[in-house]
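One structure is given here, and the rest of the page talks about it.
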Amino acid sequence: MSAADVVRILKARGETVATAESLTAGLVTAELASVPGASAVVRGGLVVYATDLKHTLAGVDAALLAEHGAVHAEVARQLAEGARERCGATWGLGLTGVAGPDPQDGVGPGTVHIGLSGPSGTLVRTLTLGGGRHEVRKSSTTAALNLLLDHLKIPVE
């Protein structure tokens, strides 16, 4: 995987991407933007580290956040959809999880949910990652880009 591959394929397809990031706090967007020419495909990114911003900026259902907390698969789904819709992108990535070292809302460190929203719908991948805070955030970034790249390799219908 490389962010350059994602940017190259998005350009070739005439598509765009946006993010709503919690635990990665903009790392996915920064990785994409490090590629020359990324401005042609990166629409924007929402850093929604605070739980209330997941609702106000990305449109995550407030009742969902109140009932389950910020680290939940459905939150990742709604983050991805919110990024896509609010930024007017072809693809949306949403990330939430616990980087550590302490649990959050009863969820252990290393638990990560990644949402991907695109033309054919939205899906969520849940990961359990090892390592410290830095490793969890970096691995989450890589996993999100890989998830998008896997779906970009599927031919357009």
Side-chain angles (χ1 to χ4, degrees), residues 1-7 9-10 16-35 38 41-87 89 91-118 121-154:
M1 176 298 305
S2 92
D5 292 330
V6 171
V7 170
I9 294 170
L10 284 172
T16 57
V17 64
T19 66
E21 301 179 61
S22 183
L23 87 149
T24 49
L27 289 175
V28 175
T29 306
E31 187 72 20
L32 288 165
S34 72
V35 177
V41 300
V42 177
R43 291 282 301 153
L46 307 170
V47 175
V48 289
Y49 211 67
T51 299
D52 62 309
L53 293 182
K54 290 171 183 59
H55 170 68
T56 58
L57 294 180
V60 175
D61 182 65
L64 171 68
L65 292 167
E67 184 176 347
H68 295 287
V71 183
H72 190 273
E74 182 60 25
V75 172
R77 175 184 304 281
Q78 291 185 24
L79 286 172
E81 291 170 348
R84 181 175 182 234
E85 292 167 11
R86 290 171 186 237
C87 293
W91 298 92
L93 283 167
L95 293 91
T96 187
V98 184
D102 300 318
Q104 179 182 336
D105 298 328
V107 179
T111 301
V112 176
H113 304 287
I114 302 171
L116 175 64
S117 180
T122 305
L123 60 88
V124 177
R125 293 289 181 261
T126 298
L127 309 172
T128 303
L129 302 172
R133 183 174 178 79
H134 174 76
E135 291 82 14
V136 169
R137 294 176 73 229
K138 182 63 178 158
S139 295
S140 298
T141 299
T142 299
L145 292 173
N146 281 337
L147 181 61
L148 176 56
L149 188 59
D150 288 346
H151 283 78
L152 290 175
K153 288 180 178 177
I154 298 169

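Because the structure is predicted, anything quoted here is derived from the model rather than measured. Quick note: residue numbers are just sequence positions, from 1.
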Problem - Partners meeting side chain to side chain contact (heavy atoms under 4.5 Å, CB included) with R43 (sequence neighbours left out) - result: T16, A18, C87, A89

Handout entry: Nearest heavy-atom neighbours spanning Y49 and S22
Key = CD1-O, 3.0 Å

Practice task
Kindly give the heavy-atom pair with the smallest separation between V75 and K54, and that separation in Å.
Solution key: CG1-CD, 4.3 Å

Problem - Heavy-atom check, side chain of R84 versus side chain of T122, under 4.5 Å - result: no

Handout entry: Test side chain to side chain contact (heavy atoms under 4.5 Å, CB included) applied to T19 - qualifying residues, sequence neighbours left out
Key = E21, V28, T29, L93

Practice task
Kindly indicate whether the side chain of V136, heavy atoms from C-beta on, has any atom under 4.5 Å from the side chain of P109.
Solution key: no

Problem - A83 versus G92, closest heavy-atom pair with distance - result: CB-CA, 4.5 Å

Handout entry: Rounded distance (nearest 0.5 Å) linking atom OG of S2 with atom CG of N146
Key = 9.5 Å

Practice task
Any chance you could measure L149, atom CG, to T142, atom OG1, to the nearest 0.5 Å?
Solution key: 11.5 Å

Practice task
Would you mind listing every salt bridge (Lys or Arg N to Asp or Glu O under 4.0 Å) that reaches into residues 137-146, with sequence neighbours excluded?
Solution key: E31-K138

Exercise for the section: Would you name the heavy atoms of A33 and A38 that are closest together and state the gap between them? Expected result: CA-CB, 3.9 Å

Completion exercise
Closest non-hydrogen atoms of S140 and V112, given as atom of the first, atom of the second and distance, are OG-CG2, 3.4 Å

Problem - For A50, side chain to side chain contact (heavy atoms under 4.5 Å, CB included) partners two or more places apart - result: D52, L53

Practice task
Say whether, by atom type as modelled, one donor and one acceptor occur between the side chain of H55 and the main chain of V60 under 3.5 angstrom.
Solution key: yes

Show me the donor-acceptor pairs, under 3.5 Å and distance only, between side chains in residues 124-132 and residues at least two apart or in other chains.
{"residue": "T126", "atom": "OG1", "partner": "H113", "partner atom": "ND1", "Å": "2.8"}

Residues 65-74, side-chain donor-acceptor partners within the protein, below 3.5 Å, at least two apart:
{"residue": "H72", "atom": "ND1", "partner": "E74", "partner atom": "N", "Å": "3.0"}
{"residue": "E74", "atom": "OE1", "partner": "R77", "partner atom": "NE", "Å": "3.2"}
{"residue": "E74", "atom": "OE2", "partner": "Q78", "partner atom": "NE2", "Å": "3.1"}

Practice task
Search all heavy atoms of L23 against all heavy atoms of T96 and return the closest pair with its distance.
Solution key: CD2-C, 3.6 Å

Practice task
Measure the CG-CG distance between L116 and L152 for me, rounded to the nearest 0.5 Å.
Solution key: 8.0 Å

Handout entry: Beyond-backbone contact of L147 with L123, side-chain heavy atoms, under 4.5 angstrom
Key = yes

Fill in the blank from the handout: Rounded to the nearest 0.5 angstrom, the CG-CG distance for L27 and L145 is 10.0 Å

Exercise for the section: Could you tell me whether the side chain of L79 reaches within less than 4.5 Å of the side chain of L95, counting heavy atoms only? Expected result: no

